[in-house]
Protein chains: 2
Amino acid sequence: MADVISPEVRPARKADAAPDPAQRPAFDVIELFFFAYRDFVRDADEALAKYGFGRAHHRVLHFVDRNPGLRVTELLDILKITKQSLGRVLRELVDEGFIVQKEGEADRRQRLLHVTERGDRLARELARLQTRRVSRALATAGAQEAEAVRRFLFEIIDPEERAKVAALTGARPPKARE
Amino acid sequence: MADVISPEVRPARKADAAPDPAQRPAFDVIELFFFAYRDFVRDADEALAKYGFGRAHHRVLHFVDRNPGLRVTELLDILKITKQSLGRVLRELVDEGFIVQKEGEADRRQRLLHVTERGDRLARELARLQTRRVSRALATAGAQEAEAVRRFLFEIIDPEERAKVAALTGARPPKARE
DNA sequence: GAGATTACGTCAGCCATGTTGACTTATTTC
DNA sequence: GAAATAAGTCAACATGGCTGACGTAATCTC
């Protein structure tokens, strides 16, 4: 391999110091976010592997556990994936007895999603693992700092999505903090 | 489909209120983290699509841009993926002229990674998009609150990884805050 | 009551990005 | 000179996204 060394080289590094601090790239937060998320999902991934499940199953199980009677359409809107993608993982969760679908009483087209006892156990075990990590990370934070973390995460979310997320998580509604 | 309604139903919801608040599941933070990350990567994903690139390319480009002369082994350790996975993505970035590899001077086995002018431009454009989102989210936060966010993200990371991340991001070193 | 719409499911095929395992080449280290 | 290291590559496979096209049952609307 003779052409490994290319004549085209990287220009000298630009100084990180831009005039306006708001315009200086937030490299630190960007990278921390990447590393934090990478490790955040790891606990659950390992636990899920025992069941032959993946991250996609976790998400479905989690939101169904937290929102019993959830409609399929609502779940699609939460996860922002297609019906076909959801279909696969949902079928597996139903087949393995973690989720059941109950016909809607008012609207019999609906297949309202509920976890089984088994599904509830797994969902809570996964939540426990992630809670342990979150609790440790917030252990040294005061109430105000913990609230600052929640607010930061909330405001990273697309503005049009916030009302929905607030309703789901119990976070304060958007714009309600002035 | 006659067996939609299963006899197995979900048990009555357990109250969220556990005795010890540290043991109560941190559903809010868990869910906010999921939604925040989902939207955080979206800006860049859209920009990358124009080049036929994906998230994997972004990660490589980002860390090479930030760490000129990075060794392949180091990059693998940062991304926590296999050599084969990286290989594909890296080859594409090299082929399209975003990254060049330079033989190490001290150790000629090394293929030190550098971005090209073009790679630098794209990396910075992507960083700009994510910085915009981060800046908005931190706009109402004070210095102490912004620091609380960084600390939270840092402490979500696996303890054994923190020293490395601190070195990369310039975050304060682990345990250095007492 | 007929027709449009909605809720849900499914078949088929494709793509991006991860994995394991085996092996090669060049170079450095001991 | 042998062993270890840095990097690359081939092949095969899994997961979880996607699009497009359809089907069925139920509800809504006029």
Side-chain angles (χ1 to χ4, degrees), chain A residues 1-5 34 37-38 41-42 44-46 48-49 51-61 64 69-95 99-113, chain B residues 1-5 34 37-38 41-42 44-46 48-61 64 69-96 99-113:
Chain A
M1 221 170 279
D3 57 297
V4 161
I5 304 182
F34 163 71
Y37 196 76
R38 181 195 68 180
V41 293
R42 197 136 65 187
D45 279 357
E46 286 166 17
L48 286 156
Y51 298 84
F53 290 152
R55 223 170 271 188
H57 302 85
H58 183 193
R59 289 173 189 149
V60 170
L61 188 62
V64 173
L70 193 65
R71 293 190 301 119
V72 170
T73 312
E74 290 170 331
L75 184 52
L76 289 174
D77 187 47
I78 288 172
L79 301 176
K80 298 268 187 275
I81 60 174
T82 58
K83 193 171 40 165
Q84 295 89 328
S85 297
L86 174 60
R88 257 186 317 226
V89 297
L90 189 52
R91 189 183 327 117
E92 291 168 355
L93 286 165
V94 170
D95 287 352
I99 285 183
V100 290
Q101 296 171 283
K102 304 208 285 178
E103 193 171 86
E105 295 202 354
D107 184 339
R108 290 167 45 226
R109 290 171 305 181
Q110 299 174 345
R111 300 289 175 265
L112 306 181
L113 303 171
Chain B
M1 220 171 280
D3 58 296
V4 162
I5 304 181
F34 163 71
Y37 196 77
R38 182 195 68 181
V41 293
R42 196 135 68 186
D45 280 356
E46 286 167 17
L48 287 157
K50 292 178 209 147
Y51 298 84
F53 289 152
R55 224 169 272 187
H57 302 85
H58 183 193
R59 289 174 190 149
V60 171
L61 188 61
V64 173
L70 194 65
R71 293 190 301 117
V72 170
T73 311
E74 290 170 331
L75 185 52
L76 289 173
D77 187 46
I78 289 172
L79 300 176
K80 298 267 187 276
I81 60 176
T82 58
K83 193 170 42 163
Q84 295 89 327
S85 296
L86 174 60
R88 250 185 325 225
V89 170
L90 189 52
R91 189 184 327 120
E92 290 168 354
L93 286 165
V94 170
D95 287 351
E96 313 261 342
I99 286 183
V100 290
Q101 295 171 283
K102 305 208 285 179
E103 195 171 81
E105 295 200 356
D107 185 339
R108 290 167 46 227
R109 289 172 303 183
Q110 298 173 345
R111 299 291 176 265
L112 306 182
L113 304 171

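Bear in mind the structure is a predicted one, so any value in this text is a computation, not a measurement. Order of the sequence lines sets the chain letters (A, B, ...), proteins ahead of strands, with each chain counted from 1.
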key: Strand-adjacent residues in residues 78-86 of chain B, judged by heavy atoms under 4.0 Å from DNA chain C   = K80(B), I81(B), T82(B), Q84(B), S85(B)
Set of salt bridge (Lys or Arg N to Asp or Glu O under 4.0 Å) partners for R88(B), sequence neighbours left out = none
message = Need the bend value for the helix from dG1(C)-dC30(D) to dC30(C)-dG1(D): angle between end axes, 5 pairs each end, nearest 10°.
response = 30°
request  = Take the protein atom CG of D95(A) and the nucleotide atom P of dG9(C), then report the distance between them rounded to whole Å.
outcome  = 12 Å
Tabulated below should be each protein N or O lying under 3.5 Å from an N or O of nucleotides 26-30 of chain D; please produce it.
from	atom 1	to	atom 2	distance (Å)
dA26(D)	OP1	R108(A)	NH2	3.1
dT27(D)	OP1	R108(A)	N	3.1

task = Identify which one of K102(A), Q101(A), E74(A) satisfies the side-chain contact (heavy atoms from CB on, under 4.5 Å) criterion when paired with L113(A).
result = Q101(A)
query = Does the side chain of T73(B) get closer than 4.0 angstrom to OP1 or OP2 of dT5(D) through an N or O atom?
reply = no
query = Rounded to whole angstrom units, what separation is found between the CZ atom of F53(B) and the C1' atom of dT17(C)?
reply = 15 Å
inquiry  = If the condition is side-chain contact (heavy atoms from CB on, under 4.5 Å), which residues does V89(A) pass it with, not counting sequence neighbours?
reply    = A56(A), H57(A), V60(A), L86(A)
request  = Send over the distance from L112(A) CG to dG9(C) P, rounded to a whole Å.
outcome  = 11 Å
For Q84(B), all residues meeting side-chain contact (heavy atoms from CB on, under 4.5 Å), sequence neighbours excluded = T82(B)
remark   = By salt bridge (Lys or Arg N to Asp or Glu O under 4.0 Å), R42(B) pairs with (sequence neighbours left out) D158(A), D39(B)
message = Can you list everything that forms a side chain to side chain donor-acceptor pair (under 3.5 Å) with K80(B)? Sequence neighbours excluded, please.
response = D77(B), E161(B)
task = Determine the contact category for G54(A): base if any of its heavy atoms lies under 4.0 Å from a base atom, sugar-phosphate if only primed atoms, P, OP1 or OP2 are that close, otherwise nothing.
result = sugar-phosphate
query = Are the side chains of R55(A) and L48(A) in touch, meaning some heavy atoms are under 4.5 Å apart?
reply = no
query = salt bridge (Lys or Arg N to Asp or Glu O under 4.0 Å) with R59(B): which residues, sequence neighbours excluded?
reply = none
ask   = Please give, in whole Å, the distance from dA25(D) P to Q101(A) CD?
value = 17 Å
remark   = From CZ of R91(A) across to C1' of dC8(C) the rounded distance in Å is 13 Å
ask   = dT17(C) phosphate, OP1 or OP2: any side-chain N/O from H57(B) under 4.0 angstrom?
value = yes
ask   = When all nucleic acid strands are considered with a 4.0 Å heavy-atom cut-off, which category describes R88(B): base, sugar-phosphate, or nothing?
value = base
remark   = Taken in chain and number order and not counting sequence neighbours, the residues that satisfy salt bridge (Lys or Arg N to Asp or Glu O under 4.0 Å) with E96(B) are none
note = When every non-hydrogen atom of I78(A) is compared with those of F34(B), the smallest separation belongs to O-CE2, 4.2 Å
Counterpart residues, side-chain contact (heavy atoms from CB on, under 4.5 Å), relative to L112(B) (two or more places apart) = R71(B), Q110(B), H114(B)
key: Whole angstrom value for the distance that separates P of dA14(D) from CG of L48(A)   = 19 Å
note = Rounded to whole Å, the CZ-C1' distance (R38(A) to dT17(C)) equals 17 Å
query = Whole Å only: how far is the CD1 atom of I99(A) from the P atom of dC8(C)?
reply = 14 Å
request  = Tell me, please, which residues at least two apart from R109(B) pass side chain to side chain donor-acceptor pair (under 3.5 Å).
outcome  = D107(B)
